[in-house]
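Structure record follows, encoded as structure tokens.
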Amino acid sequence: MKILSSIIKPTHKPITPFQWRVYAALLLIPRGSVTTYGLLARYLGCGSAQAVGQALRRNPFAPDVPCHRVITSNLCIGGFSGQREGEQIAKKLTLLTAEGVEFHNSALKDPRQIFHFPT
DNA sequence: TCTGTGACCGCTG
DNA sequence: ACAGCGGCCACAG
């Protein structure tokens with residue numbers, strides 16, 4: 001499995017401890033699976049999915065850190081690269097499709113592809 | 001310090 | 001089914 005420290009390069013902006021935890025958790029998600037902001041927040045012991053969104057929005061490591069594998073709790077596509085709609089979302093869709101995660105009208109087709117973090 | 005903002009969530013009517 | 005609304009918490013300025 002990938003190690004976060006091996007992804008970070010000197011050219012990257014420094015990240016906060018919270019961001020570190022978020023990105024490290026992302027690396028646990030296998031290809032072909034996705035998670036939600038809420039699940040991720042709960043796994044991190046942080047009550048706010050919105051805070052997780054903040055961290056992902058500022059992800060300096062895309063696409064090495066698979067931030068595209070995070071969708072909203074209602075199983076919709078969510079945002080990408082700071083955008084909630086538009087070309088960037090299409091890109092996110094493409095990435096997920098390439099991994100075998102299919103959407104229908106911007107909603108996850110198969111809920112079984114949701115990754116549950118270890119307790 | 002303090003404040004506004006956000007790739008969100010879930011309860012309520 | 002669905003829109004509204006308060007809560008959440010990290011972070012930049």
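Just so it is clear, the structure is predicted and the values come from calculations on it, not from any experiment.
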Are A:Leu39 and A:Ile71 in one and the same hydrophobic cluster, where Ile, Leu, Val, Met, Phe, Trp and Tyr link if side-chain heavy atoms are under 4.5 Å apart?
-> yes
Cluster link A:Ile89 to A:Val101, ILVMFWY, side chain under 4.5 Å | yes
Nearest-0.5 Å distance that lies between atom CD1 in A:Ile7 and atom NE2 in A:His12 | 9.0 Å
Would you indicate which nucleotide in [options] comes nearest to any side-chain atom of [X]?
| X | options | answer |
| --- | --- | --- |
| A:Tyr37 | C:dC9, B:dC9, C:dC11 | B:dC9 |
| A:Ser73 | B:dC9, C:dA12, B:dC8 | B:dC9 |
| A:Gln19 | B:dC9, B:dG6, C:dC11 | C:dC11 |
| A:Gln50 | B:dC9, C:dC11, C:dC8 | C:dC8 |
| A:Cys46 | C:dC9, C:dC11, B:dC8 | C:dC9 |

Given atom [atom1] of [X] and atom [atom2] of [N], what is their separation to the nearest angstrom?
| X | N | atom1 | atom2 | answer |
| --- | --- | --- | --- | --- |
| A:Arg84 | B:dT5 | CZ | P | 13 Å |
| A:Leu56 | B:dC9 | CG | P | 11 Å |
| A:Leu39 | B:dG10 | CG | C1' | 14 Å |
| A:Leu75 | B:dC8 | CG | P | 14 Å |
| A:Asn59 | C:dA10 | CG | P | 18 Å |
| A:Phe80 | B:dC8 | CZ | C1' | 18 Å |
| A:Leu40 | B:dC8 | CG | P | 13 Å |
| A:Arg42 | C:dC9 | CZ | P | 15 Å |

Nucleotide opposite C:dG6 in a Watson-Crick or G-U pair, distances under 3.5 Å = B:dC9
Decide side-chain contact (heavy atoms from CB on, under 4.5 Å) for A:Arg69 and A:Glu99; before the verdict, give the C-alpha distance in whole Å, the side-chain angles of both, and the deciding distance to 0.1 Å.
-> CA-CA 10 Å; A:Arg69 293 182 191 155; A:Glu99 298 186 352; 2.9 Å; yes
Quick one: are A:Leu56 and A:Phe80 in side-chain contact, heavy atoms under 4.5 Å?
-> no
Have a look at A:Gly82 and say if it touches a base, only the backbone sugar-phosphate, or nothing, with a 4.0 Å heavy-atom cut-off.
-> base
Determine the contact category for A:Ala49: base if any of its heavy atoms lies under 4.0 Å from a base atom, sugar-phosphate if only primed atoms, P, OP1 or OP2 are that close, otherwise nothing.
-> sugar-phosphate
Examine C:dA10: is either OP1 or OP2 under 4.0 Å from a nitrogen or oxygen in the side chain of A:Arg21? Give yes or no.
-> no
